[in-house]
Amino acid sequence: MIKKYITIIISLLFCICLFGCRDVVDGSPATSEEETGDDEIVIGFSQLGAESDWRSANTESMKEAFSNENGYKLIFEDGQQKQSNQITAIRTFIQQEVDYIVLAPVTETGWDTVLQEAKDAGIPVILVDRMIDIEDESLFTCWVGSDFGLEGRKITSWLERFTYMNGIKSEDIHIVNIQGTLGASSQIGRTEALRSAVKEYGWDLVAEVSGDFTQAKSREVMAELLEKHDNINVVYCENDNEALGAIEAIEAAGKKVGSDIRNGEIMILSFDGVNEEALAYLSEGKITCIAECNPLQGPRIQAVIALLEVSGNPDKFSYVEERIYSMYTEIRQVTVDGKLYEVTFLE
Ligand code: GYE
């Protein structure tokens, strides 16, 4: 009898040690896996919305990486462009005691409280795509995404080359910026790149208006801009869906898009390179240049989690490599901060 009790106590101590230690090793709670009875890793992913083709590709990439076949249980929440929805999703993930929270934040500020709650619950938070603006960087484990400022500097440096090669004076560049969702890192980085190029090269920045990264909003704001200003010759669209909307508005106003701005065409510059139609427009010359933004981050986040699972230490910030696309073969490369970037010409 005594022997039996001793055996039970030893087994219990072993279990406590095993599951207790797991908390110490990777900082995640010890319940979800044990509750489900298998060793799948539970991920709560708060995606910010479904505003663009880039976003759909990003969601797909995450779902593929965190499939059941790969040993994960993915709890996916669409924030529908609202930070409050994303905060609610994170709180629900905490209650569900997920192993990891992955957050694609809609805008940069306002995450301190909820990420503190995640930290207190011992759940690592991994950021994907956009960045957050937070006092205490220990509230997130790491970030994987794009250098939005660099994307913007590549495209503005391309435009500078173009004006130089075609003998177009800086003051004859009348540019409008259709911005992304205000307060999103991708908007902030791309807008700042344009503003500093405008300052440096002396272009005329006619207007900056948000198109919310959507085709419909962009069409609407572009139509208004064309009514107000008759000298616009470059449209800097902060993503491809906005480029498609801007093109619709320009064509509806009886104007032509293209790179021949000395003969009245309106040049479209864009970001992403994901939407099929936008890529076809690039081949046709309706869009002149696209700075690539790579949405396929699922495998990268998967690698981060694999590393955390073995108590590894991922880099705090990992930038994705990206290209610049054009059909204008005269410009073969652009220089940004002393570094050369080859231009990719589509077939
Ligand atoms: O460029 C745009 C999307 O934050 C990089 O968000 C992302 C941007 C992307 O809606 O298409």
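Counting convention: from 1, in listed order, for ligands and their atoms alike.
Interatomic distance, CD1 of Ile123 versus OH of Tyr100, reported as 11.0 Å (0.5 Å rounding). Atom-to-atom distance recorded for Leu182:CG and Glu238:CD is 8.5 Å, nearest 0.5 angstrom.
Between Arg55 and ligand 1, a contact under 3.5 Å exists for at least one N or O pair. Distances between N or O atoms of Glu51 and those of ligand 1 include at least one value under 3.5 Å. Between Glu238 and ligand 1, no N or O atom pair is found at a separation short of 3.5 Å.
In the vicinity of Phe148, heavy-atom distances shorter than 4.0 Å reach the ligand 1 atoms 5 (C). Close approach of ligand 1 to Cys293 (heavy-atom distance below 4.0 Å) involves ligand atoms 5 (C). Residue Ser52 approaches ligand 1 through these ligand atoms, each under 4.0 Å from one of its heavy atoms: 2 (C), 3 (C), 10 (O), 11 (O).
Put simply, no part of Ser146 is less than 4.0 Å from ligand 1, judged by heavy atoms. Residue Arg190 places a heavy atom under 4.0 Å from ligand 1.
When heavy-atom distances to ligand 1 are checked against a 4.0 Å cut-off, Phe271 has no atom that comes that close, whether in backbone or side chain.
Using a 3.5 Å distance cut-off with no hydrogens or angles, the side chains of Glu242 and Gln215 do not pair a donor with an acceptor.
The side-chain tip of Lys316 points at the ring of Phe140 from less than 6.0 angstrom away and within 45° of straight on.
Relative ring orientation between Tyr201 and Trp203 is described as tilted, the plane-to-plane angle lying within the 30° to 60° band.
Between Glu265 and Lys255 no salt bridge is recorded (no basic side-chain N to carboxylate O distance below 4.0 Å).
The single protein non-hydrogen atom nearest to atom 6 (O) of ligand 1 is Arg130 NH2, 2.8 Å, given as residue, atom name and distance. If you check which protein heavy atom lies closest to atom 7 (C) of ligand 1, you get Asp129 OD1, 3.3 Å. Looking at atom 1 (O) of ligand 1, its nearest protein heavy atom turns out to be Asp272 OD1, 2.6 Å.
In summary, the aromatic rings of Phe66 and Phe45 are positioned with their centroids too far apart to meet the 6.0 Å limit.
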Stepwise, does the side-chain hydrogen bond (donor to acceptor under 3.5 Å, both in side chains) test hold for Asn68 with Glu40?
CA-CA 8 Å; Asn68 293 339; Glu40 68 185 356; over 6 Å; no
